[in-house]
There are 2 protein chains.
Amino acid sequence: MGKGVKKPFTEVIKANIGDAHAMGQRPITFFRQVLALCSYPELLEDNKFPEDAKKRARRILDACGGHSIGAYSASQGIECIRQDVACYIERRDGGIPSNPDNIYLSTGASDAIVTILKLLVCGEGRDRTGVMISIPQYPLYSAALADLGAVQISYYLDEDNCWSLNSAELGRALNEAKQRCKPRVLCIINPGNPTGQVQSRQCIEDVIRFAKEEHLFLMADEVYQDNVYAEGCKFHSFKKVLFEMGPEYSSTVEMASFHSTSKCYMGECGFRGGYMEVINMDPEVKAQLTKLVSVRLCPPVPGQALLDLVVNPPQPNEPSYTSFMKERTAVLAALAEKARLTEEIFNTVPGITCNPVQGAMYTFPRITLPQKAIDKAKADGVVPDMFYCMKLLEEEGICLVPGSGFGQREGTFHFRMTILPPTEKLKVVLQKIRDFHSRFTSEFS
Amino acid sequence: MGKGVKKPFTEVIKANIGDAHAMGQRPITFFRQVLALCSYPELLEDNKFPEDAKKRARRILDACGGHSIGAYSASQGIECIRQDVACYIERRDGGIPSNPDNIYLSTGASDAIVTILKLLVCGEGRDRTGVMISIPQYPLYSAALADLGAVQISYYLDEDNCWSLNSAELGRALNEAKQRCKPRVLCIINPGNPTGQVQSRQCIEDVIRFAKEEHLFLMADEVYQDNVYAEGCKFHSFKKVLFEMGPEYSSTVEMASFHSTSKCYMGECGFRGGYMEVINMDPEVKAQLTKLVSVRLCPPVPGQALLDLVVNPPQPNEPSYTSFMKERTAVLAALAEKARLTEEIFNTVPGITCNPVQGAMYTFPRITLPQKAIDKAKADGVVPDMFYCMKLLEEEGICLVPGSGFGQREGTFHFRMTILPPTEKLKVVLQKIRDFHSRFTSEFS
């Protein structure tokens with residue numbers, strides 16, 4: 001876009017990134033109170049802050065060197081926070097034990113994901129490690145694989161069945177790949193990014209069975225675990241399902257599960273907080289992992305503190321409980337409403353087909369593009385869905401990501417849009433995309 | 001050490017890491033006030049906070065998506081903070097221009113150092129990138145090189161000349177290495193870690209001349225730039241010297257300089273704030289760098305905010321100036337006093353030789369170990385200086401790092417100790433090491 005050229009819109013709406021606060025979502029008060037107290041402990045004397053916020057801040061500060069979040073922590077993360085994470089996982093998974101020694105705090109989930117891939121990728125030529133990732137995928141994976149020289153093994157999600165995953169497709173992808181690499185890792189994103197599906201319990205069992213049979217290390221990207229909206233859908237953690245399948249599975253399948261402070265109801269992306277839990281990892285490999293994370297000293301301590309609050313939020317007997325629950329519920333209810341609205345409105349548009357947004361923060365609708373538009377894009381040297389998204393940005397000021405950025409079946413076109421704009425603004429966005437799509441279709445027909 | 005066995009000391013003093021707050025140093029009040037305001041902006045209404053702190057917080061929040069430090073920033077870092085960094089560098093270097101486009105904010109300096117090494121290392125076999133690092137060195141470098149499969153080219157600092165660097169030694173190391181790799185990068189730590197020297201202007205000129213002649217990319221690790229204590233010593237930034245050497249150098253030598261919030265007078269390690277400035281980087285390589293940093297989304301925003309305060313501290317006309325300067329000066333004056341004390345006391349001990357601690361936060365004294373101790377260590381399967389440090393820990397509760405962790409000339413032994421403990425405690429530490437060394441020497445003579 002040229003500078004100074006008048007555009008037919010007053011603001012650019014960035015519906016391209018899952019960045020809740022940038023879209024106007026307000027931080028959870030309790031979390032920010034504790035972070036302020038940790039940053040400037042003189043405020044502990046201030047009677048403006050609730051006692052439970054002070055209590056958390058004191059506990060975190062007591063676990064820091066010199067009682068300061070400015071001290072390095074252990075490379076694996078502050079011990080009492082790792083204990084809180086383990087308790088959180090146990091509660092979430094109905095009592096299945098979690099060992100704090102298996103928890104590694106991280107600089108957001110991305111950092112932990114890259115670290116595990118780095119740990120697992122090795123070999124040369126046809127012995128190179130192959131890593132299975134879904135298509136569509138979150139581009140962190142393909143970028144990290146390219147960077148590490150790993151072999152990407154693409155398995156396709158089933159758009160016709162609400163972006164579900166079936167093990168026949170996993171088998172197809174794996175068998176094709178065996179000639180060119182040593183498949184060793186299977187990555188799953190659930191709830192899905194960019195596709196917004198929530199995997200069924202059955203599907204997760206099938207995936208685990210497949211991983212066991214094929215001796216694959218499971219990487220479960222579960223950063224959207226609180227973002228489940230559709231009726232009948234529920235988040236099932238890979239770990240819980242693994243343990244419920246019995247010792248034959250729970251004592252053999254190697255796994256890492258990732259979580260983050262960036263998504264769910266808190267949306268605190270800027271703090272870069274996160275953790276992973278590793279399960280059944282060979283002790284020697286685990287020792288290497290511990291060594292690997294120590295090179296960068298420690299994850300940011302404010303992010304660790306924030307994570308501690310996420311896994312250990314106000315309890316019913318504490319003064320901040322009511323307001324915390326109110327804020328949390330409001331965010332999640334609004335997201336559920338926006339998920340519903342998005343599906344509903346897109347599916348009224350001829351040429352747009354949209355699966356239900358069961359979870360996460362995105363919709364990945366399929367768009368039908370006229371042949372003339374495809375030809376024009378090719379003549380311009382851009383992929384057709386990029387051509388579409390650029391035109392939408394120019395004409396309506398709405399920023400989306402073309403499906404080609406995530407991968408899609410040959411000949412199909414999509415875009416990813418977040419459902420994060422405030423409800424009224426989201427309605428305008430959906431309306432504008434609807435109008436644009438009709439106009440675009442006419443223009444190139 | 002066995003649990004429950006009574007030890008002849010009441011506390012373990014961790015003089016092994018450069019972690020100021022863990023050693024009792026208090027955070028700078030102004031910095032923490034602004035961080036509390038950024039974390040919980042409701043405090044902006046509170047009349048307890050000085051106006052300049054509020055002003056900084058507002059400026060930072062205005063630069064964040066949705067006015068929240070919980071939003072992602074640009075991958076390269078928040079633009080107005082990069083501008084502040086550029087202004088800081090210009091002031092520091094007497095007006096030599098700095099372009100915010102060349103500034104990349106990072107997750108501590110370690111992150112930026114690893115990123116640049118990753119960017120520059122390539123090739124296979126004898127074409128593999130060779131990276132020159134000092135011995136003794138900070139182990140981040142050797143770990144990152146091993147991880148990347150780069151070839152480490154060791155050049156030795158001159159212990160007899162206060163750990164200075166001479167270009168004849170650089171030449172020797174380079175020539176030996178040319179048969180086994182393609183030397184491409186020269187890393188310098190100034191002020192030095194673990195050796196505490198401050199390079200002279202002449203020395204820096206020589207290094208730059210050498211880098212130019214040999215077409216080496218210069219990596220200047222300058223995280224201790226405010227930590228200069230010795231009379232007659234001054235911090236000269238590589239960039240300033242480069243530009244003062246004229247366009248023949250300033251327009252050709254490729255360089256990156258690293259800085260951090262973790263050291264100097266603030267010692268805010270836990271926030272993982274940092275930046276690098278790249279100079280004369282090929283635009284295509286720079287595009288790759290920008291792509292590389294975007295994989296992990298963005299550096300932690302609280303660390304970026306803190307960095308902004310470090311590069312743009314209270315000014316003489318602002319209400320917090322006096323108290324800020326008082327706190328800053330007190331920390332730096334205490335460090336200077338402790339640097340002096342350390343050298344003085346160690347040099348009274350027969351068998352310990354200690355160069356002046358000109359800068360940084362460490363002393364790296366040479367210790368003479370009796371042959372019987374060396375033999376005993378070998379029989380126990382540990383390196384002799386590790387044997388020494390373990391015995392010191394067991395007997396006195398003082399934790400140091402053996403010189404072998406940093407590299408040292410064959411047959412010499414050292415340890416690294418931080419000068420961070422509070423003055424009175426440091427005196428006790430020095431006394432205890434003195435007594436221990438005499439006892440150790442007698443025991444093994």
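Being a predicted model, the structure only gives us computed values, none of them experimental. So that the names make sense, note that chain A is the first sequence line, chain B the second, and so on, each numbered from 1.
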Inset, instruction - Look at A/Ala71, A/Gly18, A/Gly66 and state which one has the largest set of heavy-atom pairs under 4.5 Å with chain B. - result: A/Ala71

Inset, instruction - Would you tell me whether A/Tyr362 and A/Tyr138 have side-chain atoms, one donor and one acceptor, within less than 3.5 Å of each other? - result: no

Inset, instruction - Measure B/Val295 against the heavy atoms of chain A and call it side chain, backbone, both or neither at under 4.5 Å. - result: both

Inset, instruction - Could you look at B/Thr107 and say if it's the side chain, the backbone, both or neither that has a heavy atom under 4.5 Å from chain A? - result: side chain

Inset, instruction - Decide, yes or no, whether a salt bridge links A/Glu51 with A/Arg56 under the criterion of side-chain N to carboxylate O below 4.0 Å. - result: no

Legend entry - A/Arg32 vs A/Glu268, salt bridge (charged side-chain N to carboxylate O under 4.0 Å, His left out): CA-CA, chis, key distance, verdict: CA-CA 10 Å; A/Arg32 294 308 196 87; A/Glu268 294 276 13; 2.7 Å; yes

Legend entry - Nearest atoms (heavy-atom pairs only) where B/Asp46 meets B/Lys54: O-NZ, 2.8 Å

Legend entry - Nearest atoms (heavy-atom pairs only) where A/Val131 meets A/Cys187: CG1-SG, 3.7 Å

Inset, instruction - Taking all heavy atoms of B/Val223 and all of B/Lys263, pick out the closest pair and write down the distance. - result: O-CB, 3.6 Å

Inset, instruction - Let me know which of A/Thr290, A/Asp111, A/Thr115 forms a side-chain contact (heavy atoms from CB on, under 4.5 Å) with A/Tyr104. - result: A/Thr290

Inset, instruction - Report the option among B/Glu42, B/Lys291, B/His21 that has the most heavy-atom pairs separated by less than 4.5 Å from atoms of chain A. - result: B/His21

Legend entry - A/Cys64, part contacting chain B, at a heavy-atom distance under 4.5 Å: neither

Inset, instruction - Specify which of A/Val301, A/Asp19, A/Leu35 makes the most heavy-atom pairs with chain B at under 4.5 Å. - result: A/Asp19

Inset, instruction - Compare all side-chain heavy atoms of A/Asn193 with those of A/Gln137 and state whether any distance is below 4.5 angstrom. - result: no

Inset, instruction - Counting only heavy atoms closer than 4.5 Å, note whether B/Pro299 contacts chain A via side chain, backbone, both or neither. - result: backbone

Inset, instruction - Name the orientation class of the two ring planes belonging to B/Tyr40 and A/Phe49 (parallel below 30°, tilted from 30 to 60°, perpendicular beyond 60°). - result: tilted

Legend entry - Minimum heavy-atom distance A/Ser142-A/Ile133, with the two atoms named: N-CD1, 4.2 Å

Legend entry - chain A interface, residue from B/Arg26, B/Gln304, B/Met23, B/Lys118 that has the most non-hydrogen pairs under 4.5 Å: B/Lys118

Inset, instruction - Please state whether the side chain, the backbone, both or neither of A/Ile69 comes within less than 4.5 Å of a heavy atom of chain B. - result: both

Legend entry - Which of B/Leu140, B/Asp147, B/Thr261 touches chain A most, by non-hydrogen pairs under 4.5 Å: B/Asp147

Inset, instruction - Just give me the residue among B/Gly24, B/Gly273, B/Ala109, B/Cys298 that pairs up with chain A most often, heavy atom to heavy atom, under 4.5 Å. - result: B/Cys298

Legend entry - Contacting moiety of A/Pro27, where chain B heavy atoms sit under 4.5 Å: side chain

Inset, instruction - Counting only heavy atoms closer than 4.5 Å, note whether B/Gln25 contacts chain A via side chain, backbone, both or neither. - result: neither

Inset, instruction - Among B/His67, B/Met266, B/Lys48, single out the residue with the greatest number of heavy-atom pairs under 4.5 Å to chain A. - result: B/Lys48

Legend entry - Contacting region of B/Ile113 [heavy-atom separation from chain A under 4.5 Å]: neither

Legend entry - Which of B/Ala22, B/Ser294, B/Ala20 touches chain A most, by non-hydrogen pairs under 4.5 Å: B/Ala22

Legend entry - Contacting region of B/Leu37 [heavy-atom separation from chain A under 4.5 Å]: neither

Inset, instruction - For the residue pair B/Phe324 and B/Tyr265, categorise the inter-ring angle as parallel (less than 30°), tilted (30 to 60°) or perpendicular (more than 60°). - result: perpendicular

